[in-house]
Amino acid sequence: MRAYERLLRYVKVYTTSDPDSATHPTTERQFDLARMLVEELQELGLADARVDEHCYVYATLPATSGYEAAKGLGFIAHMDTAPDAPGEGVNPQIYPDYDGGDVTFPATGAVMTVRQFPFLAKLKGQTLITADGTTLLGADDKAGVAEIMTMLETLQKENRPHGKICVAFTPDEEVGQGADLFDVEGFGAAYAYTVDGDEAGEISYENFNAAAAFVTVHGFSVHPGSAKNAMINAQNVAIEFHNALPAYDRPENTENREGFFHLCSMEGDVSGAKLGYIIRDHSATTFAARKEMMEHIAAILNEKYGEGTVELEIRDSYFNMIEKIRPHFHLVENARKAIRAAGLEPIEPPVRGGTDGATLSFKGLPCPNLGTGGFNYHGPCEGITAEAMDKATDILVNLADLYKDVQ
């Protein structure tokens, strides 16, 4: 079975996660796919396949004879889909020998144009897969799930020698909780790859350092007719705080490794105001400087308006995985070899976000991220091609071969 054939089945299972839920997993429906995958893994001969109470699926393909000493190699993908767009009732559309032109979604009449997405022209001649316009497709990350499953089948059906292969499928990645309850020790791998990127041939091992900042301003309300030298309008102080941050260090003005301050929320009145930010930077030094800048602004405003006027709380969220990947850079070097062996050239973009691999790397499981072949995630224009999934699967098979002798 080719990877895309598995994908067509998986996307029909409703697995959207819920950012407002306090349970783990955030939605019970994720168990539907988890149980399906456990059954398929057992059919593939992974006898220990299981799903735990938090909806994490784990399984091990034992090493072939003579390769038992190889260190365990892991492959990880997530089962949930993003709550940004509907994920129920996905109706995949297949375009064999795609012409490289505009795509009209049959359910809505909306058009995905080459003008808007120029890369579509490069997909001419491939088998394009999208949803029907009413939902996302769910290639993020059911394509990764399908490619890992197909890799497992390929290793066995072609009798390829390999070391111990550990696989895991996780819930709740799309709401930032995918690695929270991951059992690194029980997983059994020395290192791993998440299969959750974009273009086939992509290898990502740098991501943002991230923090959330919460600004609370306490004002002093006085009748506006007699407010001179007495009123402290919390909204104006909040605006002053925001305007003290560099205007060009915002998401809409940055790219690649450029960091930013992003104002996510604001509310208030004369008596009180609140601002919510996220802080992002690839450089640990600049990341620290950004946090210090916010602290300095808060201190200056408190000197101006009185101590306690501005309260600032900064919470670190995650860190750049490169710190944990560098000591195991063979993961990147071997990924490059595996990608080239599949007939592609490595693409190595810095991730302008976070990944489960970053969290897992700091939990002791070095874990760069590989591309699946998908594009336009989290919306109705999401798509992938069967051929890109074949290439992504080949890369996983090649990695299993490269690591069979690593002890």
Report summary line: For T27, the side-chain hydrogen bond (donor to acceptor under 3.5 Å, both in side chains) test, sequence neighbours excluded, returns Q30

Query raised in the report: According to the interplanar angle, ranging from 0 to 90°, do the rings of Y191 and H330 count as parallel (below 30°), tilted (30 to 60°) or perpendicular (above 60°)?
Result: perpendicular

Query raised in the report: For I165, which of L396, T60, L155, L399 qualifies under side-chain contact (heavy atoms from CB on, under 4.5 Å)?
Result: L155

Query raised in the report: Any donor and acceptor pair, going by atom type alone, linking the side chain of T309 with main-chain N or O of G306 inside 3.5 Å?
Result: yes

Query raised in the report: Hey, is CZ on F220 packed in by over 12 heavy atoms from elsewhere, all under 6.0 Å?
Result: no

Requested in this report: Taking atom CD of E252 as the centre, report whether more than 12 heavy atoms of other residues, nucleotides or ligands fall under 6.0 Å from it.
Outcome: yes

**Report entry** Qualifying salt bridge (charged side-chain N to carboxylate O under 4.0 Å, His left out) pairs with a residue from residues 398-407, counting only residues at least two apart or across chains
**Finding:** D401-K404

**Report entry** D132 versus T135, closest heavy-atom pair with distance
**Finding:** OD1-N, 4.2 Å

Query raised in the report: Between Q235 and M266, is any pair of side-chain heavy atoms under 4.5 Å apart?
Result: no

Query - Evaluation steps, side chain to side chain donor-acceptor pair (under 3.5 Å), between R6 and T150 - result: CA-CA 8 Å; R6 285 189 163 89; T150 306; 3.1 Å; yes

Requested in this report: Dump the intermediate steps for side chain to side chain donor-acceptor pair (under 3.5 Å) on N334 and Y403, then the final yes or no.
Outcome: CA-CA 8 Å; N334 283 331; Y403 275 95; 3.1 Å; yes

Requested in this report: Name all pairs fulfilling the salt bridge (charged side-chain N to carboxylate O under 4.0 Å, His left out) condition that reach into residues 383-399, sequence neighbours left out, sorted by first residue then second.
Outcome: R2-D390

Query raised in the report: Are I339 and N398 side-chain neighbours, meaning at least one heavy-atom pair lies under 4.5 Å?
Result: no

Query - Set of side-chain contact (heavy atoms from CB on, under 4.5 Å) partners for A59, sequence neighbours left out - result: L41, L46, D48, A49, V167

Query - Q177: side-chain contact (heavy atoms from CB on, under 4.5 Å) partners, not counting sequence neighbours - result: H24, T26, D172, V175, D180

Query raised in the report: Looking at the rings of F169 and H78, which for Trp means the six-membered one, are their centres under 6.0 Å apart?
Result: no

Report task. Could you walk me through whether E40 and Y10 pass the side chain to side chain donor-acceptor pair (under 3.5 Å) test, one step at a time? Result -> CA-CA 12 Å; E40 290 184 19; Y10 298 159; 2.7 Å; yes

Query raised in the report: Do R250 and F260 meet the cation-pi criteria used here (NZ or CZ under 6.0 Å from the six-membered ring centre, within 45° of the axis)?
Result: no

Query raised in the report: In terms of ring plane angle, is the pair Y277 and H242 parallel, tilted or perpendicular, where the classes change at 30° and 60°?
Result: parallel

Query raised in the report: Is it true that atom OH of Y248 has more than 12 heavy atoms of other residues, nucleotides or ligands lying nearer than 6.0 Å?
Result: no

Report task. Could you tell me whether the side chain of C367 reaches within less than 4.5 Å of the side chain of I76, counting heavy atoms only? Result -> yes

Query raised in the report: Mind checking whether F187 and Y58 have parallel, tilted or perpendicular rings, split at 30° and 60°?
Result: tilted

Query - Validation row, ring centre F329 to ring centre Y205 under 6.0 Å - result: yes

Query - Flag side-chain contact, heavy atom, 4.5 Å: L33 against K142 - result: yes

Report task. Begin from the C-alpha positions of D80 and S17 and carry the test side chain to side chain donor-acceptor pair (under 3.5 Å) through to its verdict. Result -> CA-CA 6 Å; D80 65 314; S17 47; 2.8 Å; yes

Query raised in the report: Taking the side chain as C-beta and beyond, is there a heavy-atom pair between T355 and D196 under 4.5 Å?
Result: no

Report summary line: residues 279-304 vs salt bridge (charged side-chain N to carboxylate O under 4.0 Å, His left out), sequence neighbours excluded, gives E240-K304, D249-R290, D281-R290, K291-D316

